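Got a structure for you, written out below as structure tokens; questions coming shortly.
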There are 2 protein chains.
Amino acid sequence: MTDAIRRSRRSSGRLTLEDVARAAGVSPITVSRALRGERSVDPVLVERVREAAARLGYVPDPAARALASQRSTHVAVLIPLLTNTLFVDLLEAVQRTLRAQGFQTLIGVTHYDPREEEQLLREQLMHRPAGLIVTGFERSEETRALIQASRVPCVHVMETSRAPGVHCVGFSQQDAGQALTEHLLARGARRIAYAAAQLDARVMQRAEGYRRALQAAGCYDPALEFLRPEPSSFALGAQMFGRIVAEAKPDAIFFCNDDLAQGALMAAPRLGISVPRDVAVAGFNDLPGSDQLLPSLTSVRTPRREIGEEAAHMLLQLMRGEAISTSCVELAWSVVTRESS
Amino acid sequence: MTDAIRRSRRSSGRLTLEDVARAAGVSPITVSRALRGERSVDPVLVERVREAAARLGYVPDPAARALASQRSTHVAVLIPLLTNTLFVDLLEAVQRTLRAQGFQTLIGVTHYDPREEEQLLREQLMHRPAGLIVTGFERSEETRALIQASRVPCVHVMETSRAPGVHCVGFSQQDAGQALTEHLLARGARRIAYAAAQLDARVMQRAEGYRRALQAAGCYDPALEFLRPEPSSFALGAQMFGRIVAEAKPDAIFFCNDDLAQGALMAAPRLGISVPRDVAVAGFNDLPGSDQLLPSLTSVRTPRREIGEEAAHMLLQLMRGEAISTSCVELAWSVVTRESS
DNA sequence: CTGAAAGCGCTTACAG
DNA sequence: CTGAAAGCGCTTACAG
């Protein structure tokens, strides 16, 4: 009889359930159940197991667990970009909330490309994620089918939908767009342009809110919509600003995102345009820098951190098979009035 | 005899090696070897297996693979922030390169906190990553020991070191800081301030380059170093700019990062300071927006995308156990001269 | 409430 | 070059 535990040739040297079981004087399966918090384990044994696991420094093997249970502790997150602070804030909130519950986040950056999204999702699904967070509702039929067929719990972020069976956390992009436009109207503007890039679903929903406000005020003019499909950037904002002012002579411009609006404000002195005297400017998302520029930028503060937290919480409930109170959480935004309009 | 394959109660319904083996008329282990590209498999069989796998749409189970081989296809990456474009660019390059070779990236954001880094690393190591990428060399002794003990191949990014056994991809922060300071000297500046935040190792290495240049020119003055430990931001740059100009009356300011410098440029009109007439300004990293501001910002273009790619390639070699040519790759940066100095 | 057996889908180590 | 057996470290499904 020797104290040394004989290990097979292939042992990883890692502590296993069996080591803990031996230390606690129970069977491995009881350790498994106790550690996972399954009820129907004698509280006394649970305590003994917990103590032994802690003392030995036992850490369950995620691969073995995933193989045996057919579910991992990975959560796949699909977002369009990492270069927009919006999504970084969202992501950090998701990651912080999920980490605290033992889940890892696998990030997929789609670059607003439906084919890239589909490819990323396929790769992520191979890892049998326990949950999925995707941005908005706009995607290829194939991607939608993959999500459905995978039966992986899924939460949509940024937009809202009341469709049955859909889980989402976001806010009404349309209402926010409308409110910002109404702010510009209230400041006396009548020829209000909408300047947008990327043209993803959310940008177009803001456009819809813009139209609604202007139609209600009787001053909607389709010629004042400037829609560019390329990615949003400071440079594009600067370029669009110069052109729109020269061509359309608006008294206000609603840029669909702060980066475009910031680019416009940076270019204004060079173009010899005074904001808001010559033209008022507003952005969307209230990104870093908008409060620093001269003039400071009027924008819409969007609840991305809250969206990330709520979405993670909702997903945790879904992954645990718990009943959830609301399948669609709508969060609040606010218009931030500054010097530019 | 029935065509339906009888599956056990616990089958995941997933295609397995055995399905492919049956289709190809070989044993499962041969399929495993063929698909992993192990030599010592008859090329004819390899072809037959490949064809069968492709036809059936077989995808190996990462969990089973990880459990059996004691190594996953995860690569853990530790970076300080996601809110600095610098690290996003780095990360995207890493992710793109590794994905192409079948590896997944697990991102850990340390927020420049050694304790958070250690905690994240512990969590990541539980997943037995196949490789590790960490930022710089500054970390707790515990974290260093964890990396060492894990025996997971590790590449350090952003900085360089010739220490034996260390793998790194980066550039000389000190040389770059020196070159930018020399540029300011060449433009006639003598009272050159160094304005820094966060004060991580790289920021201090740039400071060292700044000192070297000024000492060589005989105009180093410690009173012109303004070091703030809090995180870098536009607002802090604006605040520091006003104070430094008022207190020290420098003829140039070298901000350790573009976000500080951009904040300064945004605040300049409000403060009634004309750049570069009253004071020249330079930044570091050439972030988005630096070419758009008025005046446009002189900066140092840093090779973060290249660092990401090279680091991923180096790590791939290490993970495959291949011999690597250089364990320290030093990449080129360049001073970008614009209107601000 | 507890446990022995079987299995998750791969790879390793050993034979031949 | 190929394969049968055993094993990676867990959890499921079945008994009791």
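Naming convention: chains lettered A, B, ... in sequence-line order (proteins, then strands); numbering from 1 in each chain. This is a predicted model, so every value here is computed, not measured. Excluded from the calculations below are hydrogen atoms, water molecules and symmetry mates; all remaining heavy atoms, backbone and side chain alike, are included.
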- Message: Distance alone, cut at 3.5 Å: any donor-acceptor contact between the side chains of A:R144 and A:S140?
- Response: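 On atom types as modelled, these side chains do not qualify, holding no pair under 3.5 Å.
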- Task: Nearest whole angstrom, please: distance from the P of C:dC10 to the CZ of B:R71.
- Result: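 Rounded to whole Å, this separation is 17 Å.
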- Query: Once you round it to whole Å, what is the distance between C1' of D:dG9 and OH of A:Y58?
  - Reply: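 My rounded result for the distance is 7 Å.
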- Query: Is any side-chain nitrogen or oxygen of B:R36 closer than 4.0 Å to OP1 or OP2 of C:dT12?
  - Reply: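 It does, given that an N or O in the side chain of B:R36 lies less than 4.0 Å from OP1 or OP2 of C:dT12.
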- Task: Provide, to the nearest angstrom, the distance between the CZ atom belonging to A:R14 and the C1' atom belonging to D:dC10.
- Result: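 To the nearest whole Å, that distance equals 11 Å.
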- Within a strict 4.5 Å, meaning less than it, do heavy atoms of the B:M158 and B:L86 side chains meet?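 Answer yes - side chains close enough.
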- Item | Between C1' of C:dG9 and CG of B:L67, the distance in whole Å |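 Roughly 9 Å, once rounded to whole Å.
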- What class does the angle between the rings of B:H156 and B:F137 fall in, given that below 30° is parallel, 30 to 60° is tilted and above 60° is perpendicular?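 B:H156 vs B:F137 ring planes: parallel.
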- How close or far is atom C1' of C:dT11 from atom CG of B:L35, stated in whole angstroms?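 About 13 Å, once rounded to whole Å.
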- Value in whole Å for how far the P atom of D:dG7 lies from CG of A:D61: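 One finds 18 Å between P of D:dG7 and CG of A:D61, rounded.
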- Nearest-Å distance, CD (B:E18) to P (C:dT11)?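 Interatomic distance, CD of B:E18 to P of C:dT11: 14 Å.
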- Quick one: do the B:T73 and B:Q104 side chains pair a donor with an acceptor below 3.5 Å?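 There is such a pair (donor and acceptor under 3.5 Å, judged by atom type) between the side chains of B:T73 and B:Q104.
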- Item | Out of C:dC10, D:dC10, C:dT12, whichever nucleotide has its closest atom nearest the side chain of B:P60 |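 Closest nucleotide among those given: C:dC10.
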Atom pairs, N/O to N/O, protein against nucleotides 1-3 of chain D, distance under 3.5 Å?
unit_1	atom_1	unit_2	atom_2	d
D:dT2	OP2	B:D42	N	2.7
D:dG3	OP2	B:S27	N	3.4
D:dG3	OP2	B:S27	OG	3.0
D:dG3	OP2	B:T30	OG1	2.5
D:dG3	N7	B:R33	NH2	2.5
D:dG3	O6	B:R33	NH1	3.3
D:dG3	O6	B:R33	NH2	3.4

- Message: Could you check whether any side-chain heavy atom of A:L81 comes within less than 4.5 Å of a side-chain heavy atom of A:V88, counting everything from C-beta outward?
- Response: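 No - every pair of side-chain heavy atoms lies 4.5 Å or more apart.
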- Could you let me know what C:dA13 is paired to, Watson-Crick or G-U wobble, both distances under 3.5 Å, or none if it's on its own?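 Pair assignment: C:dA13 / none.
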- Query: Under 3.5 Å, is there a donor-acceptor pair linking the side chains of A:Q101 and A:R320?
  - Reply: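 Yes, side-chain donor-acceptor contact under 3.5 Å.
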- Between A:R65 (CZ) and C:dG9 (C1'), how many Å, whole number?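 Result: 18 Å.
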- Would you call A:E92 and A:R96 a salt bridge, taking side-chain N to carboxylate O under 4.0 Å as the test?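 Looking at A:E92 and A:R96, the cut-off is not met.
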- Item | Watson-Crick or G-U counterpart of C:dA4, or none if no pair lies under 3.5 Å |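 Per the H-bond distance test, none.
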